[in-house]
Amino acid sequence: MTASPNRRLRRQSCRKFLGDFYAVIIYAIFYIPVLVMMVFSFNNAKRNYAWEGFTTQWYGKLFSFGNHDLWESLAYSLAIAILATAISVVIGVLGGIGLKKFEFRGKKFINLMLYVPIVVPEIVLAVAMLIIFITVGVKLGIGTIVAGHCTFCIPYAVVTIKGRISGDNETLEEASMDLGANRFQTFWRVTIPSIMPGITSAAFLSFTLSFDDVVMSNMLAGASQSTLPVLILSVNRTGVTPDINALTTIMVLVMVAGMLTVNGIQRSLRRRELRAAEEAETARLNAARF
């Protein structure tokens, strides 16, 4: 006996309502803390324990000379994240292409070992790296932090880029070399553009992981400087001040603006490609008529 149409519609509407309710709960868990942080950046209180009134003084204090340590930590974190991202993306491109296209002894072992830094707790990696640097006699600083960040950024980059490479890439590369391009030209003009979405994803992921890291940065940092997350962690013991909320609010707005800009550029490029394809098809049809 089949269900009546009304009962089927009620079930579909019920499932849709539950799905929408679940999505709202998930997004609320993700974004309500961010919204609260942004709201409390305008709180007229020295400590963010309770709302005491609206003010914009913390944004003025943020750009004053009294927050030199905060801006220095931000610049330090950005420099480390950019270096770790560049190294991870370069190694990720070479490693992803090598593991995807070539067969060699130990390939399965390397593929398995890629997931070790992802699965192993970060504190274990941080302690291991600290022991190695102390044993070798390397001075702790920006170099040790970048090396530590690369240990967990490179596997993510390799896995992300390797997943982007498909069989179509080999066909395009063969066609490029058949038309007279050498291996470097094929790699730079065919392979890299074809896997650019994977490279972009790996770069964003590596930058986020490096910039947001606390454990590795805290263990491998020198005594003179600290990254922004480590500084916020130390300040959190006495209470995060609203000027830090103001800085993080500006960072969130900058990242959202950057994402919207990138999406707009990609959308315009896709429209341009579709328009060019339509014009080429129209020209082909017109040529076929005559």
Side-chain angles (χ1 to χ4, degrees), residues 78-118 143 146-211 255 258-288:
L78 289 174
I80 292 171
I82 291 172
L83 288 174
T85 300
I87 296 172
S88 301
V89 169
V90 171
I91 298 178
V93 170
L94 299 178
I97 294 174
L99 291 173
K100 189 71 175 182
K101 295 185 177 182
F102 301 100
E103 295 294 334
F104 52 90
R105 184 177 299 177
K107 179 179 178 179
K108 292 183 179 180
F109 176 76
I110 294 176
N111 278 322
L112 290 175
M113 293 301 294
L114 276 176
Y115 294 93
V116 173
I118 299 176
V146 170
H149 287 189
C150 288
T151 58
F152 57 80
C153 288
I154 290 175
Y156 282 102
V158 173
V159 171
T160 303
I161 295 172
K162 186 176 67 171
R164 177 60 185 172
I165 301 173
S166 61
D168 296 336
N169 299 97
E170 297 182 0
T171 304
L172 293 174
E173 291 171 357
E174 292 175 358
S176 174
M177 287 187 286
D178 289 340
L179 293 174
N182 56 35
R183 290 188 177 273
F184 177 78
Q185 291 173 334
T186 300
F187 175 78
W188 187 252
R189 297 185 179 183
V190 177
T191 305
I192 294 297
S194 64
I195 63 174
M196 185 56 67
I199 295 175
T200 305
S201 300
F204 278 117
L205 182 59
S206 300
F207 182 87
T208 302
L209 290 172
S210 177
F211 187 82
M255 287 186 290
M259 292 175 59
L260 294 176
T261 302
V262 171
N263 289 334
I265 293 174
Q266 291 179 348
R267 193 179 298 111
S268 63
L269 290 176
R270 284 195 295 268
R271 291 176 181 174
R272 186 179 301 175
E273 291 176 357
L274 291 175
R275 192 181 303 112
E278 292 176 355
E279 292 176 355
E281 182 66 18
T282 303
R284 187 185 66 82
L285 294 175
N286 293 332

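Side chains included, hydrogens not; waters and symmetry mates left out as well; all remaining heavy atoms used.
In this structure, K100 NZ and I161 CD1 are separated by 13.0 Å, a value rounded to the nearest 0.5 Å. Rounded to the nearest 0.5 angstrom, T186 OG1 and M177 CE are separated by 5.0 Å. Here the CZ-OG distance, from R189 to S176, works out to 9.0 Å after rounding to the nearest 0.5 Å. Note that CZ of R275 and OG of S268 are 9.5 Å apart. Values are rounded to the nearest 0.5 Å.
Test L99, V93, I97 against K162 for side chain to side chain contact (heavy atoms under 4.5 Å, CB included) and you get one pass: L99.
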Review item, side-chain donor-acceptor pairs of residues 199-206, under 3.5 Å, at least two apart:
from : atom 1 : to   : atom 2 : distance (Å)
T200 : OG1    : M196 : O      : 2.9
S201 : OG     : P197 : O      : 2.9
S206 : OG     : A202 : O      : 2.8

Using residues 81-91 as the side-chain source, report each donor-acceptor pair under 3.5 Å to any protein atom, sequence neighbours left out, with the distance given to one decimal.
from : atom 1 : to   : atom 2 : distance (Å)
T85  : OG1    : A81  : O      : 2.6
T85  : OG1    : F207 : N      : 3.3
S88  : OG     : A84  : O      : 2.7

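The minimum heavy-atom distance between I80 and H149, with the atom names listed, is CG2-ND1, 3.5 Å. Of all non-hydrogen atoms in L209 and C153, the two that sit nearest each other are CB-SG, 4.2 Å.
Taking the six-membered ring where tryptophan is involved, the planes of F184 and W188 are essentially parallel, since the angle between them stays under 30° and well short of 60°.
Remark: R267 engages N263, R270, R271 in a side-chain contact (heavy atoms from CB on, under 4.5 Å) (not counting sequence neighbours). Among residues two or more places apart in sequence or in another chain, the side-chain contact (heavy atoms from CB on, under 4.5 Å) test is passed with L112 by none. Checked against salt bridge (charged side-chain N to carboxylate O under 4.0 Å, His left out), E103 has the following partners two or more places apart in sequence or in another chain: K107. Every residue two or more places apart in sequence or in another chain was checked for a side-chain hydrogen bond (donor to acceptor under 3.5 Å, both in side chains) with T151, and none qualifies.
Atom CZ of F109 is surrounded by 12 or fewer heavy atoms from other residues, nucleotides or ligands within 6.0 Å.
Formation of a donor-acceptor pair under 3.5 Å by the S194 side chain with backbone atoms of T191 is found in this model.
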> Can you list the steps and then say if I118 with Y156 is a side chain to side chain contact (heavy atoms under 4.5 Å, CB included)?
Replying inline: CA-CA 8 Å; I118 299 176; Y156 282 102; 3.4 Å; yes
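Contact annotation: the side chain of F187 approaches that of I192 to within less than 4.5 Å [non-hydrogen atoms, C-beta and beyond].
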